[in-house]
Amino acid sequence: MTPTPIGSETEPRDSDSVGQRLADTSAVGADNPLRDPRDRRLPLIAGPCSMVMFGVTGDLAKKKLLPAIYDLANRGLLPPAFGLVGFGRREWSDDDFADYVEESVRAGARTPFVEDVFAQLRAGLRFVTGAFDDASAFERLTEVVGELDRTRGTGGNHAFYLSIPPSAFPDVCEQLANSGLNTPRDGSWRRVVIEKPFGHDLASARELNDVVEKVFRPEDVFRIDHYLGKETVQNILAFRFANQLFEPVWNANYVDHVQITMAEDIGIGSRAGYYDGIGTARDVIQNHLLQLLALTAMEEPVSFDAADLRTEKEKVFKAIELPADLAQHTARGQYVGGWQGGELVKGYLEEEGIPADSTTETFAAIRLDLATRRWAGVPFYLRAGKRLGRRVTEIAVVFRRAPFLPFRDTDTADLGQNAIVIRVQPDEGVTIRFGSKVPGTQMEVRDVTMDFAYGSSFTEESPEAYERLILDMLLGDPPLFPRQQEVELSWRILDPITEFWAQHMPPAPYRAGTWGPETAYEMLARDGRTWRRP
Ligand code: BG6
């Protein structure tokens with residue numbers, strides 16, 4: 001009998017064929033009360049498989065990955081033939097692990113806790129105790145995934161999720177190879193998932209990739225940049241290429257400049273060990289912001305297949321030009337203590353685990369230009385930082401001023417520039433800003449906005465980024481995962497900047513709760529522009 005997905009009583013057609021695209025999605029999980037039958041966003045069900053998670057007790061697994069796996073199960077998108085194996089040092093039994101998973105699911109899942117769904121998931125949970133270089137633990141792991149194949153029908157399909165620091169990759173990859181776990185048999189698959197940071201510069205990214213690709217085929221390596229899993233980020237492509245309205249003005253003839261902002265109100269929390277020495281540019285600009293830039297700037301891909309999409313993104317990365325004078329066109333900051341959200345917060349140098357003389361940046365702003373016909377002369381300003389005014393990620397495409405304004409002798413003194421703002425998060429949606437006549441007898445024009453908000457236009461809730469990415473990986477569907485070429489191209493852009501900063505530009509202080517250091521404002525003022533206040 002065809003297996004039934006977890007959380008559904010309806011048989012999916014051919015669900016045991018990995019990556020099977022269902023033409024009619026209405027049958028999938030239709031009996032699941034949580035599943036809206038009109039929901040065609042995630043119409044595919046993963047085939048039988050098990051996932052081995054390294055770093056399962058880490059923050060990411062606890063807060064995001066385990067809840068996402070449960071949410072997928074709850075939406076009927078995981079097969080019953082699913083196993084999840086935690087691997088770590090803790091002396092845990094399978095039951096201890098299951099309790100831990102339940103706790104994380106109850107605390108972090110997006111969908112309600114359904115006993116039956118969790119019970120079915122729980123039956124496939126296993127734990128293997130061991131260190132990453134412990135050959136005997138990998139022997140036990142081999143037995144456990146074999147047992148899941150036999151007892152739960154996971155079909156020899158195994159995904160290895162490395163939610164661990166890159167320094168642990170060599171050990172894990174070596175042990176996976178020694179135990180033969182990386183080698184698929186009889187038409188099954190083996191995949192590996194790696195989380196950013198993909199190195200800390202071009203050279204280390206290459207080394208890391210060599211370690212992984214010595215053991216897994218390039219097409220079996222899934223690199224996660226969780227921004228690509230966000231609905232609003234995928235919507236950039238829909239917004240641009242599903243509409244006739246915007247693309248004709250999406251170029252240097254009409255666009256003055258683009259501002260991409262990723263502001264966070266949080267500090268570094270307990271992540272000193274990871275963050276110090278890395279800093280904002282490597283943490284989020286090399287990956288999330290450059291991906292946003294690529295999706296905003298790229299040409300229309302021939303199709304949305306992985307190869308076509310990645311090719312267009314890579315063309316953008318290749319066309320990026322750094323400013324000739326990095327001192328004038330980049331800015332770097334570090335937060336000092338201050339009031340934020342009614343709370344007095346510590347400065348970066350006072351955070352636990354941070355050396356008092358650290359020069360790691362917690363704010364970065366960079367001007368990039370693109371040498372293409374579409375974008376010549378249109379600067380892309382990227383900025384990101386911690387402890388800024390509020391949490392917001394947005395892409396603002398700011399248009400040129402109208403060539404002539406026939407309002408000289410009227411009350412219209414100063415009009416802003418038209419803008420299209422893609423609001424990635426929170427308050428997801430799109431805003432268009434334009435001038436409109438103020439009601440009254442005078443010809444006064446003032447800036448107004450027109451809004452699309454996900455919350456009011458759709459009844460469907462957006463899945464979490466990790467739901468989408470984990471499902472795509474289990475389906476073997478790669479478009480949302482950057483390939484190594486993209487990673488290398490983005491380090492090529494960043495390396496000269498971080499090298500320049502290390503030698504010539506210590507971070508300038510900015511008070512927590514503000515929008516970054518003065519140098520960031522000066523950087524835009526030099527170009528006669530100002531940052532938007534998101
Ligand atoms: C991660 C960074 O990739 O993204 C973190 O390492 C950052 O420093 C996080 O806080 C932000 O993600 P999101 O989805 O909350 O914008």
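Remember, it's 1-based here, ligands and their atoms both numbered in the order they're listed.
- Once rounded to the nearest 0.5 Å, the distance linking CG of Leu524 with OH of Tyr381 reads 5.0 Å.
- Side chains of Gln484 and Glu213: no donor on one and acceptor on the other come within 3.5 Å.
- Under 4.0 Å from any atom of ligand 1, one finds heavy atoms of residues Lys196, His226, Tyr227, Lys230, Met262, Glu264, Arg271, Asp283, Val284, His288, Lys386, Arg391, Gln425.
- With rounding to the nearest 0.5 angstrom, the CD1 atom of Ile493 is 11.5 Å from the NZ atom of Lys318.
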Quiz: residues 269-278 side-chain donor-acceptor pairs under 3.5 angstrom, not counting sequence neighbours:
from   : atom 1 : to     : atom 2 : distance (Å)
Tyr274 : OH     : Asp283 : OD1    : 2.5
Tyr275 : OH     : Thr280 : N      : 3.3
Tyr275 : OH     : Thr280 : OG1    : 2.8
Asp276 : OD1    : Tyr348 : OH     : 2.6
Asp276 : OD1    : Ser358 : OG     : 2.6
Asp276 : OD1    : Thr360 : OG1    : 2.9

For residues 58-65, run the donor-acceptor check on the side chains, cut-off 3.5 Å, and write out each pair with its distance to 0.1 Å, sequence neighbours left out.
from  : atom 1 : to    : atom 2 : distance (Å)
Asp59 : OD2    : Lys63 : NZ     : 3.2

Quick one: side chains of residues 494-509, donor-acceptor pairs under 3.5 Å with protein atoms, not counting sequence neighbours, listed by atom name and distance.
from   : atom 1 : to     : atom 2 : distance (Å)
Asp495 : OD2    : Leu202 : N      : 2.9
Thr498 : OG1    : Leu494 : O      : 3.4
Thr498 : OG1    : Asp495 : O      : 3.1
Trp501 : NE1    : Thr330 : OG1    : 3.0

